[in-house]
**Q** 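I am attaching a structure below and will ask some questions about it afterwards.
Lettering of chains follows the sequences in order, A, B, ..., and the numbering in each one begins at 1.
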Amino acid sequence: MRGVSDLHSPVLAWYDEHARALPWRGNGATAWSVMVSEFMLQQTPVVRVLPMHAQWLERWPTPTALADDDSGEAVRAWGRLGYPRRALRLHAAAVAIRDQHGGQVPESYDDLVELPGVGDYTAAAIASFAHGRRHVVLDTNVRRVLARAVSGEEFPPPSVRKAERELATSLLPEDAPTAATWAVATMELGALVCTATNPDCDRCPITDRCAWVAAGRPAYDGPARKVQSWAGTDRQVRGRLLAVVRESAGAVPRRRLDQVWTDDAQRERALASLVVDGLLVRVEPDHFALP
DNA sequence: TATGCGTGGAT
DNA sequence: TATCCAAGCAT
């Protein structure tokens, strides 16, 4: 096997030439704009995030601006991005930044990961992309690139294992600026070339040293990768219920919510779970509104 | 570790 | 049409 350092130069050169000019990259970006983008990009494609990100940054250009607004406004402005708990958590994170960090997005991983809605990936991403710090940034793109290029497998295991993290750590460039570029470059390579389906190996800068290509691109044979169901699930009902309230000016009477789903028990369960999650509040005997 | 959590485009 | 997938997090 070639030394792992052989991967760095071609990937970094490829990124320098092919990186997308996204609003949360480059000189115009702030730590806050990076943070907003990372929340929105959790399980959501870039093309759908772009317009929402612009709207949010125009309306709430700083963490304090968002923190000073109602959390319900964040949920409403989240629109149809999906997983609206992210909006609630981003608002809560903004409150924590205003109250505990002087209104400035924290720079350290340890401070970031304490914020609501910020896990290992997002903390590392903000620390790396916004502050130039040296961290292993292990998202689904990076995991897939390393699984193929180094491990010779089509897909990584369902969850991050110790060996996988150790591999990513061993590949991380020593100096912080290069490590940060390496992180975003491997993510970009996974997003644009080394995709989950139909990877474009002909355009890949490391195809000549890719273990998976060398092995003849064998099909994935690990544990079954489960795809979540949608039709008929509580998630679908929750989505319909919240959409009604989101698109209404004020509180919504229960009888309007009754119309979005015929199964009474499931509808009530979904409604109750939205209240538990804090996405809806019961404001009158039988009315519901955003928080 | 396994599960639940939205939405919509691509194949 | 049904399935897969998209920069995860919290429990």
**Q** Relative to the 5' end of DNA chain B, which residue comes earlier, A/Ser159 or A/Arg80, by the nucleotide with the nearest heavy atom?
**A** A/Ser159
**Q** Between A/Arg86 and A/Thr44, do the side chains contain a donor N or O and an acceptor N or O under 3.5 Å apart?
**A** yes
**Q** For the residue pair A/Gln42 and A/Tyr121, confirm or rule out a side-chain donor-acceptor distance under 3.5 Å.
**A** no
**Q** With sugar-phosphate meaning primed atoms plus P, OP1 and OP2, does A/Leu242 contact a base, only sugar-phosphate, or nothing at under 4.0 Å between heavy atoms?
**A** nothing
**Q** When rounded to the nearest Å, what value does the distance between C1' atoms of B/dT1 and C/dG8 take?
**A** 16 Å
**Q** Strictly under 4.0 angstrom, non-hydrogen atoms only: write out the protein contact profile of nucleotides 1-11 of chain C, one letter per nucleotide from the 5' end, B, S or -.
**A** ---SSBBBSS-
**Q** Under 4.0 Å between a Lys/Arg side-chain N and an Asp/Glu carboxylate O for A/Glu174 and A/Arg134?
**A** yes
**Q** When you measure from the side chain of A/Trp14 to the backbone N and O of A/His18, does any donor-acceptor pair fall under 3.5 Å?
**A** no
**Q** Along DNA chain B, 5' to 3', what are the outermost nucleotides having an atom less than 4.0 Å from a heavy atom of chain A?
**A** B/dT1 to B/dG8
**Q** Please state the P separation for the pair B/dG4 and C/dA7 - nearest whole angstrom.
**A** 23 Å
**Q** State whether A/Glu188 and A/Arg25 are salt-bridged, where the test is any N-O pair (Lys NZ or Arg NE/NH1/NH2 against Asp/Glu carboxylate O) under 4.0 Å.
**A** yes
**Q** Any link between A/Val145 and A/Val160 through a network of hydrophobic side chains (Ile, Leu, Val, Met, Phe, Trp, Tyr) touching at under 4.5 Å?
**A** yes
**Q** Which heavy atom of A/Leu242 sits nearest a heavy atom of A/Leu274, and at what distance?
**A** N-CD1, 4.3 Å
**Q** Taking the same atom, P, in C/dT11 and in B/dG6, what whole-Å distance lies between them?
**A** 14 Å
**Q** Could you work out the complete set of other residues in the hydrophobic cluster of A/Tyr109, with links drawn between I, L, V, M, F, W and Y side chains under 4.5 Å apart?
**A** A/Val113
